[in-house]
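Values reported hereafter were calculated over all heavy atoms of this structure, with side chains retained and with hydrogens, waters and symmetry mates removed. Residue numbers count from 1 along this sequence.
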Amino acid sequence: MSQNQNELREKLNITIASGLVAKAIAAKTGIATDYLSRFKNGHICLCEDDADRLEAYLDKVVIPD
């Protein structure tokens with residue numbers, strides 16, 4: 001598994017733990033909820049296009065403290 005995918009997975013898990021639900025992330029990125037869930041739990045890697053879209057979205061997300 002690529003280091004970049006692991007970093008992206010960690011960022012996704014932190015974002016979800018901070019209060020943003022996976023269903024909303026899936027809707028905004030166009031990644032199917034079940035794929036996002038499997039990625040989040042370490043069962044699959046995302047294709048490059050999905051990973052790029054997820055990374056771009058997570059880079060823009062700001063969750064207030």
Q: Would the number of heavy atoms belonging to other residues, nucleotides or ligands and lying under 6.0 Å from OH of Tyr35 be above 12?
A: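 For Tyr35, atom OH is not crowded (no more than 12 foreign heavy atoms under 6.0 Å).
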
Q: Output a table of donor-acceptor pairs, distance under 3.5 Å, between side-chain atoms of residues 46-56 and any protein atom two or more places apart or on a different chain; print 'none' if there are none.
A:
unit_1, atom_1, unit_2, atom_2, d
Asp50, OD1, Arg53, NH1, 3.4
Asp50, OD1, Arg53, NH2, 2.6
Arg53, NE, Thr29, O, 2.7

Q: Taking distance alone, no hydrogens or angles, what donor-acceptor pairs closer than 3.5 Å link side-chain atoms of residues 17-25 to residues at least two apart or in another chain?
A:
unit_1, atom_1, unit_2, atom_2, d
Ser18, OG, Ile14, O, 2.8

Q: What residues form a side-chain contact (heavy atoms from CB on, under 4.5 Å) with Ala27, not counting sequence neighbours?
A: none

Q: Could you tell me the separation between the CD atom of Glu10 and the OG1 atom of Thr15, rounded to the nearest 0.5 Å?
A: 10.5 Å

Q: Output the distance between atom CG (Asn41) and atom CZ (Phe39), rounded to the nearest 0.5 Å.
A: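 These two atoms lie 10.5 Å from each other.
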
Q: Would you compute the distance between atom CZ of Arg9 and atom CD1 of Ile44 and round it to the nearest 0.5 angstrom?
A: 8.5 Å

Q: Specify the closest pair of heavy atoms between Ala26 and Ala32, including all atoms of both residues, with the distance to one decimal.
A: CB-C, 4.4 Å

Q: Who pairs with Lys40 by side-chain hydrogen bond (donor to acceptor under 3.5 Å, both in side chains), at least two apart in sequence or on another chain?
A: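 side-chain hydrogen bond (donor to acceptor under 3.5 Å, both in side chains) list for Lys40, sorted by chain: empty.
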
Q: Lys28: what forms a salt bridge (Lys or Arg N to Asp or Glu O under 4.0 Å) with it, not counting sequence neighbours?
A: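 So Lys28 forms no salt bridge (Lys or Arg N to Asp or Glu O under 4.0 Å) with any residue.
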
Q: Taking atom CG of Asn6 and atom NZ of Lys11, what is their separation to the nearest 0.5 Å?
A: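 The NZ atom of Lys11 is 14.5 Å from CG of Asn6, to the nearest 0.5 Å.
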
